[in-house]
Amino acid sequence: MANNSFSDLQGKVCVITGGGGVIGTAIAEALSSAGVKIAILDIREEVAVALAENLNKRFNNTCAGLACNVLDKDSLIAAAAKIEAVLGPVDILINGAGGNSPDATTKQEEVNASNMDKLDETFFGLKMDGFQKVFNLNFIGTVLPSMVFGENMVKRGKGTILNISSMNAYKALTKIPAYSAAKASVNNFTEWLAVHFAKTGVRVNAIAPGFFLTNQNRFLLTDEKTGNLTARGNKIIASTPMGKFGEPEDLQGAVLFLVSDISKFVTGICIPVDGGYSAYGGV
Ligand code: NAD
């Protein structure tokens with residue numbers, strides 16, 4: 001029998017961490033339109049609740065918005081209990097909470113002869129507190145929800161986990177070492193957990209978005225005053241063969257594919273959705 005639809009998603013329950021963000025919202029819309037019941041978890045409760053209400057109105061599914069901190073296991077356990085009571089057992093986990101911060105970003109791209117007197121603007125000036133926060137949010141913030149929601153999936157013998165990686169996982173980007181290291185760890189963890197769960201019926205995959213203008217990177221890619229692209233923003237466009245930033249909706253197809261049974265023999269992979277960025281050598 002040919003399997004050419006996402007109809008298996010109808011009625012399934014999906015948790016999206018960081019679901020109130022730009023990418024989380026686009027993913028929630030795609031899954032809602034496929035009949036999935038969604039729990040939006042976000043550290044910003046009001047955003048999670050508002051999005052869930054909006055989805056309920058537009059798609060006639062049951063959605064819930066909850067406050068949750070992906071770095072706090074008790075907060076995840078409490079959210080899991082509420083979700084199970086309101087929506088039922090969780091079939092899909094999307095680890096979307098993440099992002100970079102100015103506190104974990106060097107001002108200088110590299111150390112060279114012209115900036116030896118400004119070493120505090122390079123690697124040497126990074127504050128470990130900021131570095132650790134970004135690393136933890138992106139990596140531990142993927143590990144902990146996988147532990148909390150993955151356990152019941154393994155017990156039920158079915159489920160999928162989808163991690164959100166980044167182009168940094170393949171080649172580190174300048175200025176953001178904590179974010180780069182964390183996303184490389186996310187890719188490695190995706191493979192590790194996929195193998196660990198391979199015989200349980202639970203699949204683990206990732207997508208690696210290319211460049212999308214969102215809150216986490218706007219300060220790096222656009223000038224706050226003029227709104228024009230920074231030199232870094234222009235460099236990204238020049239390195240993206242399609243010559244543009246992605247739209248959050250561009251991620252929806254890869255997500256639907258990876259969380260649906262249509263990809264039931266696929267585990268441990270990361271799909272770049274990047275306008276060709278990762279394929280391009282720059283020449
Ligand atoms: P965003 O800032 O719009 O969304 C991130 C969301 O995570 C926010 O709603 C925020 O409130 C929430 N969050 C932050 N800390 C949290 C915590 N401790 N617990 C729970 N929620 C928390 O950013 P986005 O661009 O939508 O990013 C979503 C994911 O996609 C992130 O993992 C990001 O690293 C990744 N990503 C983004 C891009 C891009 O170009 N925007 C590229 C590659 C990967």
Side-chain angles (χ1 to χ4, degrees), residues 15-29 39-52 65-76 78-79 93-105 132-146 148-149 162-173 176 178-187 189-190 206-222 232-233 236-237 239-240 244-252 254-255 270-275 277-278:
V15 168
I16 308 179
T17 72
V22 175
I23 288 177
T25 300
I27 292 175
E29 286 174 344
I40 303 287
L41 304 193
D42 205 289
I43 201 148
R44 297 176 300 156
E45 182 173 21
E46 65 297 347
V47 175
V49 170
L51 177 59
L66 283 87
C68 181
N69 179 358
V70 290
L71 295 175
D72 176 352
K73 198 170 177 190
D74 290 338
S75 160
L76 285 158
L93 166 66
I94 299 186
N95 283 312
N100 186 44
S101 144
D103 291 343
T105 304
Q132 220 148 32
K133 272 191 189 141
V134 166
F135 186 83
N136 285 353
L137 173 61
N138 290 280
F139 182 55
I140 305 300
T142 295
V143 173
L144 272 181
S146 302
V148 170
F149 291 101
L162 184 71
N163 298 327
I164 312 289
S165 179
S166 156
M167 287 300 110
N168 293 273
Y170 303 100
K171 289 269 179 246
L173 300 190
I176 50 178
Y179 185 68
S180 290
K183 292 299 190 185
S185 303
V186 165
N187 276 29
F189 176 66
T190 301
I207 57 167
F211 294 88
F212 297 72
L213 256 188
T214 63
N215 306 333
Q216 61 148 333
N217 58 20
R218 203 172 303 274
F219 74 98
L220 274 173
L221 305 185
T222 56
R232 190 178 179 88
I236 285 170
I237 297 297
S239 307
T240 302
K244 57 183 181 183
F245 290 112
E247 299 296 332
E249 295 72 36
D250 296 337
L251 297 167
Q252 293 171 330
V255 170
C270 180
I271 299 184
V273 184
D274 65 350
Y277 179 92
S278 60

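Atoms within a ligand are numbered from 1 in the order they appear, just like the ligands themselves.
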Please state whether G96 comes within less than 4.0 angstrom of ligand 1, counting heavy atoms only. yes
Quick one: does Y179 get within less than 4.0 Å of ligand 1, heavy atoms only? yes
Heavy-atom neighbours of Q252 CD exceed 12 at 6.0 Å: yes
Does some non-hydrogen atom of I164 fall short of 4.0 Å from ligand 1? yes
Can you confirm, on distance only, whether ligand 1 has an N/O atom lying under 3.5 Å from any N/O atom belonging to G21? yes
F135 to A178 - nearest heavy-atom pair and separation: CD1-O, 3.8 Å
Taking every non-hydrogen atom, the tightest pair across G20 and I40: N-CG2, 3.7 Å
What is the minimum heavy-atom distance between N95 and G141, and which atoms define it? OD1-O, 4.1 Å
Would you say M167 touches ligand 1, if touching means a heavy atom closer than 4.0 Å? no
Sub-3.5 Å N/O-N/O distance, L41 and ligand 1: no
Residue pair V49 / G65: nearest heavy atoms and the distance that separates them: CG2-O, 3.5 Å
Relative to ligand 1, is L137 under 4.0 angstrom through side chain, backbone, both or neither, heavy atoms considered? side chain
Where on N138 is there a heavy atom closer than 4.0 Å to ligand 1, on the side chain, on the backbone, on both, or on neither? side chain
Please identify which atoms of ligand 1 are closer than 4.0 Å to at least one heavy atom of G20. 9 (O)
Region of S165 engaging ligand 1 - heavy atom pairs below 4.0 Å: backbone
Identify which one of T142, N100, N168, N138 satisfies the side-chain hydrogen bond (donor to acceptor under 3.5 Å, both in side chains) criterion when paired with K183. N138
Heavy-atom nearest pair, P272 first then C270, reads CD-O, 3.5 Å
Side chain or backbone, does L71 bring an N or O within less than 3.5 Å of an N or O on ligand 1? no
Hey, is ligand 1 close enough to P209 that some N/O pair sits below 3.5 Å? no
Which atoms of ligand 1 are found less than 4.0 Å from any heavy atom of N69? 17 (C), 18 (N), 19 (N)
Using non-hydrogen atoms of the residue, decide whether G210 is closer than 4.0 angstrom to ligand 1. yes
Can you find a heavy atom in the side chain of I16 that is under 4.5 Å from one in the side chain of L41? no
Which pairs would a plain distance check flag for residues 68-76, meaning a side-chain donor or acceptor within less than 3.5 Å of a matching protein atom at least two apart in sequence or in another chain?
unit_1 : atom_1 : unit_2 : atom_2 : d
N69    : OD1    : L71    : N      : 2.9
D72    : OD1    : D74    : N      : 3.0
D72    : OD1    : S75    : N      : 3.3
S75    : OG     : N69    : N      : 2.9

If you round to the nearest 0.5 Å, how far is CG of L251 from CD1 of I164? 7.0 Å
Using a strict 4.0 Å cut-off to heavy atoms of A97, name the atoms of ligand 1 that fall inside it. 7 (O), 21 (N), 22 (C), 32 (O)
Under 4.0 Å from one or more heavy atoms of C68, ligand 1 contributes atoms 19 (N), 20 (C)
Do we see a donor-acceptor contact under 3.5 Å between the side chains of T190 and N163? yes
Give the atom numbers and elements of ligand 1 that come within less than 4.0 Å of a heavy atom of G99. 34 (O)
Taking N or O atoms only and a 3.5 Å limit, does V70 qualify as a polar contact for ligand 1? yes
